[in-house]
Amino acid sequence: MYRLIASLLLVISMQTHAEPQLQIEREVLGDQHLLRGVLANDRAGRFLYRLSLTKQGRSGQANSTQAGSVELKANQPLHTSRLLINVQPGDHYSVHLELLNPANQPVAERWLQHP
């Protein structure tokens with residue numbers, strides 16, 4: 001009985017994986033902001049991603065979404081979409097990066113807001 005429990009615990013621990021790591025990189029270039037999504041996982045696999053932006057300012061509201069399918073290699077960060085936006089004083093924006101499994105179910109997400 002003890003061996004069976006120990007074997008089951010070993011199998012469960014071997015199937016445990018860390019949560020995927022997502023980053024939204026922001027580089028300020030004068031009045032422009034370059035935004036990049038970075039995805040990483042501790043195991044290889046096919047995933048879907050979506051990078052969404054909502055920006056509000058004096059000139060109104062703008063929305064942008066980029067999405068695609070990626071093949072992640074274990075422990076190798078991958079840069080996905082790039083967005084270059086103009087930012088004026090008083091502008092606000094929110095960026096949402098999502099990683100989804102092939103069944104379109106959320107696996108991980110990350111938010112970035114300005115200011």
Side-chain angles (χ1 to χ4, degrees):
M1 179 73 165
Y2 175 76
R3 285 185 188 170
L4 176 61
I5 293 172
S7 296
L8 287 174
L9 290 175
L10 179 60
V11 169
I12 290 169
S13 68
M14 288 173 57
Q15 293 177 347
T16 303
H17 298 282
E19 183 175 312
Q21 300 298 308
L22 307 183
Q23 289 182 304
I24 301 171
E25 295 178 339
R26 174 178 41 205
E27 184 177 350
V28 177
L29 309 165
D31 63 349
Q32 295 183 319
H33 290 196
L34 176 61
L35 305 164
R36 291 183 289 253
V38 183
L39 312 173
N41 198 17
D42 67 341
R43 59 184 168 153
R46 180 162 289 289
F47 295 90
L48 305 171
Y49 75 89
R50 185 169 35 236
L51 183 68
S52 304
L53 167 80
T54 300
K55 179 182 165 216
Q56 181 128 17
R58 287 181 279 173
S59 59
Q61 182 172 333
N63 297 301
S64 177
T65 299
Q66 295 182 4
S69 175
V70 294
E71 185 74 34
L72 292 180
K73 295 181 181 174
N75 302 311
Q76 293 186 16
L78 175 69
H79 285 79
T80 60
S81 297
R82 295 167 35 120
L83 293 170
L84 184 64
I85 60 172
N86 292 319
V87 179
Q88 301 300 318
D91 286 356
H92 301 273
Y93 66 79
S94 176
V95 184
H96 185 215
L97 178 61
E98 297 175 274
L99 187 67
L100 307 122
N101 66 21
N104 212 30
Q105 298 167 326
V107 175
E109 66 181 347
R110 176 70 61 157
W111 289 90
L112 174 78
Q113 296 196 1
H114 174 81

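No hydrogens, no waters, no symmetry mates; every other heavy atom, side chains included, goes into these values. Position 1 is the first residue of the sequence, and the numbers go up from there.
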Using every non-hydrogen atom in the two residues, find where [X] and [Y] come nearest and quote the distance to one decimal.
| X | Y | value |
| --- | --- | --- |
| A108 | E19 | CB-OE2, 4.2 Å |
| D91 | G57 | OD1-CA, 3.2 Å |
| H92 | P115 | ND1-CD, 3.0 Å |
| R58 | P89 | NH2-O, 3.5 Å |
| L100 | N104 | CD2-O, 3.6 Å |
| P77 | A40 | CA-CB, 4.0 Å |

Between E98 and R110 (salt bridge meaning N to carboxylate O under 4.0 Å), is one present in this structure? no
Between D42 and A18 (side chain of the first, backbone of the second, donor and acceptor by atom type, cut-off under 3.5 Å), is there such a pair? yes
T54 backbone acceptor or donor facing Q56 side chain under 3.5 Å: no
With heavy-atom distances below 4.5 Å as the criterion, would you say the side chains of [X] and [Y] are in contact?
| X | Y | result |
| --- | --- | --- |
| L51 | L53 | no |
| L84 | H33 | no |
| L34 | L83 | no |
| D31 | Q88 | yes |

Other residues, nucleotides, ligands: >12 heavy atoms within 6.0 Å of R26 CZ: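 Yes - once you tally the heavy atoms of other residues, nucleotides and ligands closer than 6.0 Å, there are more than 12.
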From the options V87, I85, V28, select the one residue that forms a side chain to side chain contact (heavy atoms under 4.5 Å, CB included) with H114. V87
Take R36 and T80 through the side-chain hydrogen bond (donor to acceptor under 3.5 Å, both in side chains) test and state the conclusion after the steps. CA-CA 7 Å; R36 291 183 289 253; T80 60; over 6 Å; no
How many angstroms lie between [atom1] in [X] and [atom2] in [Y], if you round to the nearest 0.5 Å?
| X | Y | atom1 | atom2 | result |
| --- | --- | --- | --- | --- |
| F47 | N41 | CZ | CG | 4.5 Å |
| Q21 | L39 | CD | CG | 11.0 Å |
| N63 | K55 | CG | NZ | 11.5 Å |
| Y93 | S64 | OH | OG | 13.0 Å |
| H96 | Q113 | NE2 | CD | 11.0 Å |
| Q66 | L35 | CD | CG | 10.0 Å |

Same cluster or not: L48 versus V38, using hydrophobic residues (I, L, V, M, F, W, Y) connected whenever any side-chain heavy atoms lie under 4.5 Å apart?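 Result: no, two separate clusters.
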Hydrophobic cluster identity match, W111 and L22, side-chain contacts under 4.5 Å: no
Any donor-acceptor pair under 3.5 Å linking the side-chain atoms of S81 with those of Y49?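 Judged by distance alone, the side chains do pair up.
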